[in-house]
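This report concerns only the one structure given below.
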Amino acid sequence: MAATEQVQLMANKVRYKKRDGTLYLMGERVAWCPEGRDHFDLTVVYSDIKCQKVSPEGKPKIQLQIILLKGDSYVFHFSHDDPAIARSTRERVKNLLAQMLPKFRRKIDKELEEKNRLLQTDQDLFQTYKDLVVSGIITAEEFWNSHSSKLPSEVGSMQKVGVSAAFLADLRPQTDGCNGLRYNLTADTIQSIFSTYPAVKRKYMDKVPDKLSEKEFWEMFFQSHYFHRDRLNQGNSSKDIFSDCIKKDDQDLLALLQIGVKDSFNDLTYLEDEDSTKAEGYGTQADVSSKGKPSSTQLINKNIIKRFNHQSAMVLSSSNKPTDQSSGDNGTVVDGEPTTKKAKLKESVQYDDLETGNSQNEVSLNLHRSERYSHGPTIVNQVHQELNGQRVHEGMHIVSNQCRTYIPRLSHVIDPSQASTALTDLSPDNTRNHLGESQPNAIQHLLSPAQQEGLKQLYLSATELARHFWSCFPATTPFLQEKVTRMCKSIENFHQTRVRAYQDDLRRNMVHANVTEHLEDMFSAIFTKFNSWQSKKGGRK
Amino acid sequence: MDESEDRQLLVVIFDVNPVWWGLKSLHGEAQITKCLDALLVFVNSFLMLRHDNQLAIIASHSTKSVFLYPSSSQEGEQSISISDGRYEHFARVDSSIIQDFRQLMADGCEDKDIRSDSLIAGSMSTALCYIHRIMREAKSRQKINPRILVVKAADDAAAQYMSFMNVIFAAQKEHVVIDACVLGQDSGLLQQACDMTGGMYLKVPTQDVLLQYLLTAFLSEAEVRKSSFNFSQTNSSRDVDYRAACFCHRSLVDVGFVCSVCLSIFCQFSPICSTCETAFKPPPMSAKSRKKRRLPAGRSNSPYTEGVLK
């Protein structure tokens, strides 16, 4: 037994495989050792455990089952003579396991899950992963190092789901046929009830499962006046375990009133305006009605409103718990109050968009020679002609003569043979080349879509490998140097296997164009660089 | 006629640079009147497609742009006696064009008109304004599709670059397609215009076949051309020369240096940008060549970037 491990819990009289023994829960594993021996027959690490199960309540045998990730399972039988003690032991073991398991489990699973999900959603990434990692060209770590930007891990903390204020009202009972009511309780509802009413939670922890079963507990809960609308304070219902809860609630309300509202923006009593807060409807006036004694309906209403207020306060406090503790020191609030108030006012009143423009701490652009922007390029093909030559004048003369004596002959504009040659020039096969459409030897025409896909995958993988290679330079640390050699080998590997396979496939399908020329160029550049680097390194040493 | 096509508004810009046409006539390669003939036939065919197709022709001279049709001169409305049984509208159009053309060329062959380029950019702006006006007037009635056809003869002028580019952007905004039929040398500006507005650029080999080219390629509008087999894929963008010109030599550059402050383009590195006087560090010489970086080769800490200008 490793002495360094901390034994968290020891449970005697635990049978495993029909033998008596003791169950130990350590810092990192669960172990069982038979009675009388001193070595562990069974050891299971927490990270291997997928989940645990307990035998149902009604069964005489009190058992706990541990299921591993691989699928194996181990059953422990708590065989104390007194079933209550056995049960409580099992509960303790179960609780401890329930605490330890998540700590060990979640760290690994979450990352793997994310990676799996990412690979499933992004097909290209998956293909690259298959190409590079599965075939052993680079390790998985390096792969994820380079693509870590795509992993959503360690994104900001997830928000807790708050408590719905209507959760109690949503528990609509269904009539059971014979004068009974069924309430459906889900785990979420139970959670909400516990977080809103800590008193109920305390009672639950006390009574279940030792004194009351869960079912009985909830029955009493629903039957009690605590739950129902018209709760009148009946002092003599001692059977009702929730009667003291009512008293506690009243005390809570009073305590809340004492605390008051911290934020002076939300504090109505801060307004010393006679008219507003003292008026009717704000709840500050006592019900001074004409009758001396308040009627029962008024009393009931008051109670209901009190309960509403209390429940709202509890719901709010259940969501505010973490922040309340952080801002719990009231001492410093007093000093900072005026500044925080001013800041709040400012924030709600000013809008960034509507502010006047930014300060003038920008350097103004001073352009000399801004006429440069308005001139275009000199046309390369300009033939410098003598504009004042004799020929120009002659030409212009001829033109003006032609125009003066111009008589349109619109029926003899074009010669038929000329027209037909022009037509053939403009017809489809010729226009393709004439108008310069995508060249006939473009990739789209040469390769089938499947081959294009293959080429694209090749490029994805090859460029990733090349990027790993080139990013190692300058190779200062031994790690980088070793990586350089490793990358070169993997690139060679890739070249030999994948690229050649693709080329063979193309050749078999009678595609003779060399579409992988660029890839080959990239690889030869890498190889020459590697050789020169190696010779330099060798020369230096 | 098929009513499923929309009305068209075609504005033809005819380059009548007398210098260019004169030289061509001297060499016997081209004649302006024959070109005008072809244009008239084309225009008639266009008007025949739909009875309410609208037309405008602008002559782009070296010193002015003149509307040949609709006639800008006052006497355009005089009745023309038709003796050959032509469709009246054609007769009107033809005679208006010829009359104004004669007028223009009679006045336009002076010494002051000797320039090697025509006012193409100006004519295009005029065309765009005319289109805008017609579109506004026609809004209450049926839809009308505008386009511009430029029949270019003379060479490009560097001075018109800026206006030309502005015209192209305006045409893009107005969804006006610019087609080009080039008689002389290839024009980079028109190639860019056609590419950016979705038009077609054709270079006609000889003048004799001009009419056939016009009728085959340019009679249908851009929408219809998309369904045509041979004209649906025009010049791919990489054949069009979109290179920018460097500020120091005004020569076209592929890869250059751009100042990150004023965005002026240079072909060589200079430690101070001559436009905005910002100082830059010279690029460090790296002993190891880094060919395969995914990032561009500029260092991240220097304020300039080296990029491919296309």
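The sequence lines fix the lettering, A, B, ..., with proteins before strands; numbering per chain opens at 1.
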Checklist entry - Is there a side chain to side chain contact (heavy atoms under 4.5 Å, CB included) between A:Ile414 and B:Asp208 once you walk through the steps? => result CA-CA 7 Å; A:Ile414 191 167; B:Asp208 307 331; 5.8 Å; no

Item to check | Intermediate values then yes/no, side chain to side chain contact (heavy atoms under 4.5 Å, CB included), B:Leu23 and A:Arg391 | outcome: CA-CA 7 Å; B:Leu23 287 173; A:Arg391 307 181 59 82; 4.2 Å; yes

Next on the checklist: I'd like to know whether A:Gln402 forms a side chain to side chain contact (heavy atoms under 4.5 Å, CB included) with B:Gln31, so could you lay out the CA-CA distance, the side-chain angles of the two residues, the decisive distance to 0.1 Å, and finally the verdict.
Outcome noted: CA-CA 8 Å; A:Gln402 285 171 350; B:Gln31 207 177 353; 3.0 Å; yes

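Contacts of B:Phe247 with chain A are made by both backbone and side-chain atoms, with heavy-atom separations under 4.5 Å. Residue A:Arg404 touches chain B through its backbone alone, counting heavy-atom pairs closer than 4.5 Å. Contact annotation for B:Ala38: both backbone and side-chain heavy atoms come within less than 4.5 Å of a heavy atom of chain A. Looking at B:Glu110, the atoms closer than 4.5 Å to chain A (heavy atoms on both sides) all sit in the backbone: N, CA, C or O. With a 4.5 angstrom heavy-atom cutoff, A:Ile398 touches chain B only via side-chain atoms. Proximity to chain A involves both the backbone and the side chain of B:Ser274, based on heavy atoms less than 4.5 angstrom apart.
Sparse packing is recorded around CZ of A:Phe126, with 12 or fewer heavy atoms of other residues, nucleotides or ligands lying under 6.0 Å away.
Note that CE of A:Met396 is 7.0 Å distant from OG of B:Ser62, once rounded to the nearest 0.5 Å.
Interface summary for chain A: among B:Leu211, B:Thr206, B:Asn44, the most heavy-atom pairs under 4.5 angstrom belong to B:Leu211. Between chain A and the options B:Thr275, B:Leu104, B:Thr33, B:Leu210, heavy-atom pairs under 4.5 Å are most frequent for B:Thr275. Top candidate by heavy-atom pairs under 4.5 Å with chain A, chosen from B:Leu215, B:Val41, B:Asp94, is B:Val41. Of the residues considered (B:Leu36, B:Val204, B:Leu40), B:Leu36 shows the highest number of contacts with chain A, using heavy-atom pairs under 4.5 Å.
The two residues B:Arg102 and A:Cys403 make their nearest non-hydrogen contact at CG-O, 3.4 Å. Taking every heavy atom of both residues into account, B:Ile98 and A:Pro408 meet most closely at CD1-CG, 3.3 Å. Shortest non-hydrogen contact noted between B:Met105 and A:Val399 is CE-CG1, 3.6 Å.
Residues A:Tyr406 and B:Asp37 have side chains in contact (heavy-atom distance under 4.5 Å, counting atoms from C-beta outward).
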